[in-house]
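Predicted model only: the values in this text are computed from it and were never measured. FYI, side chains are in, hydrogens and waters are out, and symmetry mates aren't considered; it's all heavy atoms of this structure.
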Amino acid sequence: MRTSLQQRFRAWTAAPAYPWATGGALTIGAVAELIAIPGSVTTTIGVLVSAASLMWRRSFPPVAVLTVAAGMLGFAGDVNLYVSIMASGLIGCYTLGRNRVLHPAVTVAGAALGALCVNLVHINTWSRMDLPVPALWEKGSLSLFAESFLLTVVIFGAVMMGDAVRSREETRKERNLAQSQLIAMERQQAAEAERAAIARELHDIVSHSVSMIAVQAESATYTTPGLTPEARDGFQQIAGTARSSMAELRRLLGVLRTPQGQGDVALTAPQPTLDHLAELVDQHRAVGGDVELRITGERVPLPAAWELSAYRITQEALTNVRKHAPGARTVVEIDYGADRLLTLRVHDDGPGPGSGPGSGAGHGLTGMRERAALVGGRLSAGADPDGGFLVEAELPWGTG
């Protein structure tokens, strides 16, 4: 409740109309106060200018100098201290500190000098009113300057409060900026790690195919009867080119390896395809997940990169369900479209994004988008209008 009230107050004070509303209300109050307690011309001008100038304090913060100066002029013109002068003076000092129009020390020193001048004017006024005013060198004369001391203390408090609010907001902005930069850096690192993982997996796929070309070309020179010398040389060149490509792929993989040789473990396992989805679904059910697999269209063998990307997207989507919506019912749909478009949908009936702990846009979605983009497809993920969370990918494989 308290946080909600603070947010509403901040939103209200941040509104563009706030300085105009408060400045206008203070001006109206000043007019009413002057009608009730008429003052001199100097006081009237000072009171009205001090109050009215606050309407421009946000669009032009240096106007607060005029606000404070006019308030002191109005106070100097009359021994009566109007409430509107106190309010406008405090707001003006706060504005000077809040926007750091001048250094706080300069602001306080200037205002203290102005308060001393006002005090001296009042001392002169008291003497002309036949009030007992001791000479400056007599005992008790320091009490004459209590007014300037009190004004200086109040001004100092208002300026320091404004400067403290400014410092706190700057710290908050710096913290939010640093946090956003950290999140962007983490997402970039996650994307780079995902690209490296994709590259390693593609290395397995391509190296397998290239090695088969090398073996078949090499064996063809011995198993194919009646080869001409030119044909035999051609097969040997194909085999040599394939072996050179394998060496380049190994060199590339060396750059993409994870620390401590962790990438070597993944290289020994065969890369999964869409035929392994049933096993993936069984694994999800084994840990308590409720999932249904629906496959429409005729199963056609896709290029290895497409098979692997579709499998990994489904795997990551099910992982997100276990993390952010445990126990939710999930439906995995695979559609082998007649227009050579593989459509993948993973939908769960969980509470949706932003409801559970750790929810939000994580690195998993970044990785899924990278995999979809790798094969020229697209991926969308977000709250489903019918409830729950939906991951949908379209992977065109006609040009694969």
Side-chain angles (χ1 to χ4, degrees), residues 1-102 104 107-108 110-112 114-115 117-119 121-122 147-148 150-170 172-173:
M1 180 66 178
R2 182 179 178 182
T3 303
S4 178
L5 291 176
Q6 289 178 346
Q7 291 175 347
R8 291 181 181 179
F9 178 75
R10 289 175 181 172
W12 177 57
T13 55
Y18 173 74
W20 293 92
T22 53
L26 192 59
T27 302
I28 293 173
V31 171
E33 193 173 15
L34 287 171
I35 293 175
I37 308 175
S40 64
V41 175
T42 302
T43 299
T44 302
I45 294 176
V47 170
L48 294 178
V49 171
S50 181
S53 60
L54 290 174
M55 291 186 282
W56 289 272
R57 69 183 185 275
R58 179 171 295 171
S59 58
F60 186 63
V63 77
V65 175
L66 176 62
T67 302
V68 176
M72 288 188 175
L73 179 64
F75 185 31
D78 201 321
V79 293
N80 294 320
L81 179 58
Y82 290 85
V83 175
S84 56
I85 285 183
M86 289 191 295
S88 61
L90 288 175
I91 295 175
C93 292
Y94 173 85
T95 302
L96 291 175
R98 172 70 178 75
N99 297 276
R100 196 163 260 213
V101 177
L102 299 170
T107 302
V108 173
C117 293
V118 171
N119 200 169
V121 171
H122 284 171
E147 182 182 76
S148 59
L150 181 61
L151 283 177
T152 301
V153 171
V154 173
I155 290 169
F156 175 82
V159 173
M160 289 300 102
M161 181 181 295
D163 188 68
V165 171
R166 180 197 60 81
S167 300
R168 186 177 64 182
E169 290 191 357
E170 286 185 355
R172 185 188 300 117
K173 289 179 181 178

- In Å, rounded to the nearest 0.5 Å, how long is the span from CG of Leu96 to CD1 of Ile91? 12.0 Å

- Query: If every non-hydrogen atom of Gly92 is compared with every non-hydrogen atom of Val68, which pair is closest and at what distance?
  - Reply: C-CG2, 3.9 Å

- Name all residues meeting the side-chain contact (heavy atoms from CB on, under 4.5 Å) criterion together with Ala69; count only those two or more places apart in sequence or in a different chain, and write none if there are none. none

- Item | Check: Arg57 and Thr67 side chains under 4.5 Å, non-hydrogen atoms | no

- Task: Go through the structure and list residues passing ring pair (Phe, Tyr, Trp, His ring centres under 6.0 Å) with Phe75, not counting sequence neighbours.
- Result: His122

- Item | Atom pair CD1/CG of Ile155 and Leu150 - distance to nearest 0.5 Å | 9.5 Å

- Query: Are more than 12 heavy atoms from other residues, nucleotides or ligands located less than 6.0 Å from atom CE of Met161?
  - Reply: no

- side-chain contact (heavy atoms from CB on, under 4.5 Å) partners for Ser40, two or more places apart: Thr42, Thr43

- Note on the structure: Value for CH2 (Trp20) from CG (Leu54), rounded to nearest 0.5 Å, stands at 11.5 Å

- Message: Tell me every residue that passes side-chain contact (heavy atoms from CB on, under 4.5 Å) with Asp163, counting only those two or more places apart in sequence or in another chain.
- Response: Arg100, Pro104, Arg166, Ser167

- Item | Residues in side-chain contact (heavy atoms from CB on, under 4.5 Å) contact with Val49, at least two apart in sequence or another chain | Ile45, Leu66, Ala70

- Query: Is there a donor-acceptor contact under 3.5 Å from the side chain of Glu33 to the main chain of Tyr82?
  - Reply: no

- Query: Measuring from Leu48:CG to Ser88:OG, what's the distance to the nearest 0.5 Å?
  - Reply: 10.0 Å

- Query: Of all heavy-atom pairs between Leu26 and Ala87, which one has the smallest distance, and what is that distance?
  - Reply: CD1-CB, 3.9 Å

- Task: Quick one: which residue pairs count as a salt bridge (charged side-chain N to carboxylate O under 4.0 Å, His left out) with a foot in residues 87-98, not counting sequence neighbours?
- Result: Arg98-Glu169

- Calculate, to the nearest 0.5 Å, the distance between atoms OG and CE belonging to Ser50 and Met86 respectively. 12.0 Å

- Item | Over all atoms of both residues, closest heavy-atom pair of Ala115 and Thr152 | CB-OG1, 4.2 Å

- On a heavy-atom basis, the closest approach of Pro19 and Thr22 is O-OG1, 3.3 Å

- Closest heavy-atom pair and its distance - Ser53, Val63: O-CG1, 3.5 Å

